[in-house]
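Okay, structure first, notes after.
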Amino acid sequence: MTVSTGRHFLQIPGPTNVPDPVLRAMSAPTIDHRGPGFAALTRRLLDALGPVFGTSDPVVIYPSSGTGAWEAALVNTLSPGDRVLCFETGHFATLWQEMARGLGLEVDFVPGDWRHGVDPAAVEGRLSADLAHSVKAVCVVHNETSTGVTSRVADVRRAIDAAGHPALLLVDTISSLGSIDYRHDEWGVDVTVAGSQKGLMLPPGLSFNAVSAKALRAARTSALPKSFWDWHPVIAANERGFFPYTPATNLLYGLEEALRMLQAEGLPQVFARHARHAAATRAAVRAWGLDVLCADEREHSGSLTAVLMPDGHDADTVRKVILERFDMSLGAGLGKLSGRVFRIGHLGHFNDLALAGTLAGVQMGLELAGVPVDPAGLTTALDVLRSA
Ligand SMILES: *Cc1c(COP(=O)(O)O)cnc(C)c1O
């Protein structure tokens, strides 16, 4: 057994570090979820959640991981055999379309190289060609957590409109909400899927669907089987401040505190902080002489950076050295990127010195693993942090 001193560095792109005030909020005694105190909590939460999604639409909260909210978005809006348009931006987009197939949907999966976001021109091209309007939904992962590439959702919306197509727009913001600028209403998103354990700074266990009026209309005729994920009983019970089943009471205490923290910092400041930490991280990676996986300057993620390993070096070896020597966890390469990249999470409860420590650990780990890097990487990042 190695004894660890000080805090573990949890620099995976989710779950992220949970702030102490959130942990303390969650340690309060569990209350009666059918009592008046709980109803007041639900109302406060639903009021505070809207601004984070950029919406005045209803937000449904589930006691589940983000995957549950993916399923909820599909089963509430679609019917067996419906066509959906998905884009191979990375591992999570691949898993979501596999789920759609498993649920009995017809998926058009547009291939991608895992280094770019959704191409708005491809959206427009596919939808313009669909004269019969057989595509019922477009699914986009806003921030591909496997690649560190952020898709331009506003441009995807414009592409759907330019094609004059009525498909629903379903967007996964599990690793972007509360970290990267996002606007459910302004961008005309129909279902926004989110989770608790990334930008929202909570432990895993809550997920969300923000639901447009158009999505609610689609839900009235959608024929995919659903029970637990059905929006209607949740929205109806929420009107009175309750849930149709036992909610995750203590996570909801934490959510109230996390939303308070985001509001106190101010969302524009939160997004700017993430963008700045991402820029400092890219500066380090490039000064080391390594490549960032994201290949489009417009699409760098504010939440995480995926670092490509030079040929002949294994990313998992580097991660192992860093965990053993410096007690820091980094994200592994997922799916076809296994061993080829490691991912540095810089989202959620995070600051300049935490990033400096993270990059110092990465640099030392690369050196110990025998990866040739220029040690100017770290000081280059510090220059960015100092000057901003
Ligand atoms: C983490 C993540 C998921 C999966 O969420 P779980 O909470 O693990 O079910 C899906 N999509 C994206 C973009 C993610 O980052």
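Small disclaimer: the values here were computed from a predicted structure and weren't measured. Read the numbers this way: they start at 1 and go in the same order the structure lists the ligands and their atoms.
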Identify the protein atoms, limited to N or O, that lie within less than 3.5 Å of an N or O atom of ligand 1, and list each pair with its distance to 0.1 Å.
residue: ligand 1; atom: 7 (O); partner: G66; partner atom: N; Å: 2.8
residue: ligand 1; atom: 7 (O); partner: Q197; partner atom: NE2; Å: 2.7
residue: ligand 1; atom: 9 (O); partner: S65; partner atom: OG; Å: 2.6
residue: ligand 1; atom: 9 (O); partner: G66; partner atom: N; Å: 3.2
residue: ligand 1; atom: 9 (O); partner: T67; partner atom: N; Å: 2.8
residue: ligand 1; atom: 9 (O); partner: T67; partner atom: OG1; Å: 2.5
residue: ligand 1; atom: 11 (N); partner: D172; partner atom: OD2; Å: 2.7
residue: ligand 1; atom: 15 (O); partner: T145; partner atom: OG1; Å: 2.4
residue: ligand 1; atom: 15 (O); partner: K198; partner atom: NZ; Å: 2.7

Any donor-acceptor pair under 3.5 Å linking the side chain of N250 with the backbone of A28?
yes

Using side chain to side chain donor-acceptor pair (under 3.5 Å), reason through R101 and Q97 one step at a time and then give a plain yes or no.
CA-CA 6 Å; R101 280 178 213 277; Q97 65 86 32; 2.7 Å; yes

Quiz question: by atom type and distance under 3.5 Å, do the side chains of D172 and W96 form a donor-acceptor pair?
no

Would you call K320-D316 a salt bridge at under 4.0 Å N-O?
no

Is the shortest side-chain N to carboxylate O distance from R44 to D47 below 4.0 Å?
no

Would you indicate whether the side-chain heavy atoms of Y253 and I31 approach each other to under 4.5 Å?
yes

